[in-house]
Amino acid sequence: LERSECVGTRVLILFIVMAVGFFCRKLKVLTEGGVKGLTDLMLCVVTPCMMFKAFQQPFEASLLRGFLITLAVVAVMYTLEIGIAKLLLHDKDDTRRRVLHFGAVIPNCGYMALPLLQELWGAEAVIYGAAFNTAHVLFLWTYGLSLMSGGKAKLSLRKALVNPGTVSAVIGLILFFCPFRLPVLIAPPLDYLAALNAPVPMLIIGFYLAGLSWRTVLRKGNEYLMLALRLLVAPLLTMGLMWLCGVRRVLLITNVVCMGAPVATMCTMFAAKYDADPTLSAGMVAVSTVLSVFTMTLVVGFTSYIA
């Protein structure tokens, strides 16, 4: 019960920050140009710092198995979700379809799940969460980027590996497996920048939410279906498959929490960059974040009980 309440509190805090972004647009404190600058800051600075920080954990050989299992879980589950999204989510408007598919497949595992894992289950969960985020970043910057750009950002091995997300993940992974830790003068600035990984995306979402016509949110059945796939089907399917494979305890909980996170805030940032309906994406992120107050609380509570 205590952990479930903590999940709900965490989501409510993020929603309050989102409200600040909402009023910043209404009061003209933030502009379109300023938000695009914040988007680039997130993609090129804050996200890499968050990855470095996540990997600054003491390595133990016993964690290697869980680390590898988590990588496999991401590969399997994201592939399944891509297939489910293509099968079930259709829309005549290509920009809407891209947002819906992205939302169904890509969770907010970096901005939402990692802080929760640290707060509720400690270092072991963060290590598995970092493994999840490593594979997640690869999917985000390949499938996610290609999807939201409408094919404008053509896939290549170089683009898949040489970008802020994957480069920071690879370097962080190397540091994780090595005894080396960042110098004292480097670690605190890294922590300060990584701490922006929650408020800045929420401000961006709140900004676009202020320009949202609520009549355009949840006006079609495929939007409800996407939210169900993201918030319920993905975590419950993950839990079922891992349970059948004999996975229990923190490893099971970590993967379910990551898969049950709301729509990734990167959906809005990619949509803004590639003109893929940023208003709809902001609405889906906002609605899924609100609903996740209830869904993540229930899923975490149930998973903790059986794990």
Side-chain angles (χ1 to χ4, degrees), residues 11 13-50 91 93-103 106-108 110-112 137 140-141 143-154 159 163-165 168 192-220 223 226-227 230 261-290:
V11 174
I13 290 171
L14 293 178
F15 191 71
I16 291 171
V17 179
M18 190 188 306
V20 174
F22 180 95
F23 287 109
C24 281
R25 178 166 185 163
K26 293 295 185 182
L27 298 173
K28 298 183 179 180
V29 175
L30 280 177
T31 64
E32 288 281 354
V35 168
K36 288 186 185 254
L38 288 177
T39 300
D40 291 337
L41 177 70
M42 279 299 307
L43 296 179
C44 299
V45 178
V46 177
T47 298
C49 288
M50 180 194 67
D91 200 291
D93 187 334
D94 184 61
T95 59
R96 285 179 52 84
R97 180 192 62 79
R98 283 186 268 158
V99 170
L100 293 174
H101 281 215
F102 188 101
I106 308 293
N108 192 3
Y111 304 143
M112 181 74 74
V137 166
L140 177 66
W141 287 89
Y143 168 77
L145 179 61
S146 177
L147 175 68
M148 293 301 285
S149 68
K152 295 177 182 177
K154 296 182 180 179
K159 289 182 179 180
N163 62 70
S168 61
Y192 293 150
L193 292 170
L196 298 174
N197 79 85
V200 173
M202 292 300 110
L203 289 174
I204 294 172
I205 294 167
F207 176 87
Y208 284 109
L209 190 60
L212 179 67
S213 172
W214 286 101
R215 295 180 180 178
T216 66
V217 179
L218 301 180
R219 61 188 174 128
K220 293 185 178 180
E223 295 168 359
M226 185 275 282
L227 291 171
R230 168 86 320 273
V263 177
T265 52
M266 291 293 289
C267 181
T268 299
M269 285 182 268
F270 277 157
K273 193 172 185 67
Y274 294 105
D275 298 319
D277 205 335
T279 301
L280 173 64
S281 67
M284 293 297 96
V285 172
V287 171
S288 66
T289 301
V290 173

Could you check if a side-chain atom of [X] sits within less than 4.5 angstrom of a side-chain atom of [Y], using non-hydrogen atoms only?
| X | Y | value |
| --- | --- | --- |
| Asp277 | Thr279 | yes |
| Ile204 | Thr265 | no |
| Asp94 | Arg97 | yes |
| Leu280 | Glu223 | yes |

Is it true that a side-chain atom of [X] and a backbone atom of [Y] form a donor plus acceptor pair closer than 3.5 Å?
| X | Y | answer |
| --- | --- | --- |
| Arg230 | Ala261 | yes |
| Ser146 | Tyr143 | no |
| Ser281 | Ala271 | no |

Does a salt bridge link Asp40 with Lys273, judged by any charged N lying under 4.0 Å from a carboxylate O?
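The answer is yes: the pair qualifies as a salt bridge.
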Considering non-hydrogen atoms only, spot the tightest contact between [X] and [Y] and give its length.
| X | Y | result |
| --- | --- | --- |
| Met42 | Leu196 | SD-O, 4.1 Å |
| Lys26 | Ala210 | NZ-O, 3.4 Å |
| Leu203 | Val17 | CD2-O, 3.7 Å |
| Arg98 | Leu147 | CD-O, 2.6 Å |
| Val263 | Gly103 | CG1-CA, 3.7 Å |
| Phe207 | Leu30 | CE1-O, 3.3 Å |

In sequence, state the C-alpha distance, the side-chain angles, and the governing distance for Met148 and Met266, and then conclude on side-chain contact (heavy atoms from CB on, under 4.5 Å).
CA-CA 10 Å; Met148 293 301 285; Met266 291 293 289; over 6 Å; no
Test log, rule side-chain contact (heavy atoms from CB on, under 4.5 Å), inputs Phe23 and Val29:
CA-CA 8 Å; Phe23 287 109; Val29 175; over 6 Å; no
Residues Leu140, Phe102; criterion side-chain contact (heavy atoms from CB on, under 4.5 Å); working and verdict:
CA-CA 9 Å; Leu140 177 66; Phe102 188 101; 3.6 Å; yes
